[in-house]
2 protein chains.
Amino acid sequence: MNDTGQFHLLAGLATGRETRSDDAIYQALWEAIVEHRLSPGARLPEDALAGAFGVSRTMIRRVLQRLALEQLVTLRAHRGAQITSPTPSEARDVFRARRLLEGALLAEVVTRLTPEDLKALTTIADQEHHASREQAIRLSARFHTRLMAVAGNASLSEALSQLISRTSLIIAVYGRHRAGCPCEHPALIDLLATGELAAIQHWMQQHLADIEASLDFTASGDALPDFEHLFGHHREPSAS
Amino acid sequence: MNDTGQFHLLAGLATGRETRSDDAIYQALWEAIVEHRLSPGARLPEDALAGAFGVSRTMIRRVLQRLALEQLVTLRAHRGAQITSPTPSEARDVFRARRLLEGALLAEVVTRLTPEDLKALTTIADQEHHASREQAIRLSARFHTRLMAVAGNASLSEALSQLISRTSLIIAVYGRHRAGCPCEHPALIDLLATGELAAIQHWMQQHLADIEASLDFTASGDALPDFEHLFGHHREPSAS
DNA sequence: TGGAAAATGCTTGTATACAATTCCGAGGGA
DNA sequence: TCCCTCGGAATTGTATACAAGCATTTTCCA
């Protein structure tokens, strides 16, 4: 019962001991990461995950490898997996990449946007508004992903989705005010309805710049962050 | 002696039976795919690969999963892996994505280009010139990858690398004249030395447009392509 | 008491065994 | 002759056993 903290956390990912498919496990871990329930630096022991999801380490390893290729998890030989802590340099790269991609894709998005798309985006923005802050982070990512999917370029959408997920990690490490991101997405929906490309692109550039400006790169950086602080109080012996 | 063709092909990937690391296996398969020695539609039985590389199916499955996430290999449940045959729609997406990304990155490339970069690019272009056509395909991909790495954005470089690899698959399926791509890369190097961004960007757009224009989307598409034709003549018994 | 070396335990890496599914062909009937 | 059904062979999916490496602690000596 040494790493009880982690175990409690991971146990919360699965409702009990029912077996899940690897896609479902990936989904659960992805959401936990994007919603900041698993913070950068958190270790992900294969046994604990296998127990929590009621499967063997085989599937866990497959999921971890996928998350590692998407840069959400860092895999070190013989040292296991942990949630990636993006470096300041990587963070800047991600934002530059997002500004470039989202700005360029918006041109295509505006020409192809249908009323159904607008409705779907409105639904997500509404959920975002009513959700807890944790879920709001995930829904915000979903909003951007859904918006850029309108452009109809699967190759770029997938690359962009990964960048959006990684943004959540960046905010987890360098975000200053947890209140942040009052999520002005409804304003963007209004703009989209007008179809004025220049204004929309300008809004998006500003949106991304605002998020980046709210970060504080002077803090720690790469070292294992607030893991102990977060889960230390779970460390009751609970001998048996 | 059912799939002897495949077996001979796969055996050619490894020199004998020595054990290799998973990275080396990935590299070997990647090169075989990009160099068109493994054509779209070719099946990749785990046992055959495991035997060829002298490892167990565990590592093979890991490598195949990675290739699948990069869209070079298609994995279907209970049906195994085969080299991906991009659809015409996917092909167009890839080219649009490349035009967008490479065009945008060139601006950064031009400002950061060092003499060392130019020298490295020249070396690759030279090798490309002297290599066999198979290797030239791989070196051409390497040239583009190396060029875009100059921009110094790892996130975008990695996404772009995947698009470049997939381009090789697209050419394998839809390429008309195998002579194609006299590879005008030396001309680009001359242009890069001048530092005239507009001309460089225009050249690149034209380069990509030329490649795309040389494709023929009216042909087959997804069905297993010329696999039998390629490897049928290898089918001697070679007993003992 | 402080530090270094060794040993032990825990985690990961790889291979293999077994179960599940698909594919292909043979056989029978209409 | 065509089609449907029913095995059998081959291949993939999952779990588990065992080997290997790292981390921590314990112990011993200065």
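Naming: A, B, ... by sequence-line order, numbering from 1 per chain.
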Problem set entry | Residue-phosphate contact under 4.0 Å: B:T58 side-chain N/O, C:dT14 OP1/OP2 | no
Exercise. Within the structure, does a side-chain N or O atom of B:R62 lie under 4.0 Å from either OP1 or OP2 of C:dT14?
Worked result: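 It does, given that an N or O in the side chain of B:R62 lies less than 4.0 Å from OP1 or OP2 of C:dT14.
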If I take atom [atom1] in residue [X] and atom [atom2] in nucleotide [N], what distance separates them, rounded to the nearest angstrom?
X     : N      : atom1 : atom2 : result
B:I60 : C:dG13 : CD1   : P     : 17 Å
A:E46 : C:dT14 : CD    : P     : 11 Å
A:Q65 : C:dT12 : CD    : C1'   : 14 Å
A:D23 : D:dT14 : CG    : P     : 11 Å
B:L44 : D:dT11 : CG    : P     : 13 Å
A:F53 : D:dT14 : CZ    : C1'   : 17 Å
A:Q82 : C:dT12 : CD    : C1'   : 14 Å
A:R61 : C:dT11 : CZ    : P     : 14 Å

Exercise. Between B:D23 and B:R66, does a salt bridge (Lys or Arg N to Asp or Glu O under 4.0 Å) hold up when you go through it step by step?
Worked result: CA-CA 10 Å; B:D23 255 353; B:R66 177 170 170 192; 3.3 Å; yes
Is the closest side-chain donor-acceptor distance between [X] and [Y] under 3.5 Å?
X      : Y     : value
A:H144 : A:R98 : yes
B:R166 : B:T84 : no
A:Q71  : A:E90 : no
B:E31  : B:Y26 : no

Nucleotide N/O of nucleotides 20-24 of chain C paired with protein N/O under 3.5 Å:
residue, atom, partner, partner atom, Å
C:dC23, OP1, B:R79, NE, 3.2

Exercise. Can you name the nearest heavy-atom pair linking B:A97 to A:N153, along with the distance?
Worked result: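 Minimum heavy-atom separation between B:A97 and A:N153: N-ND2, 4.0 Å.
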For this session: Between D:dG13, D:dA17, D:dA15, spot the one nearest the side chain of B:R57, thanks.
Result: D:dG13
Exercise. Would A:R92 count as a cation-pi partner of A:F217, with NZ or CZ less than 6.0 Å from the six-membered ring centre and within 45° of the ring normal?
Worked result: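 Yes; both conditions hold, so A:R92 lies above the ring face of A:F217.
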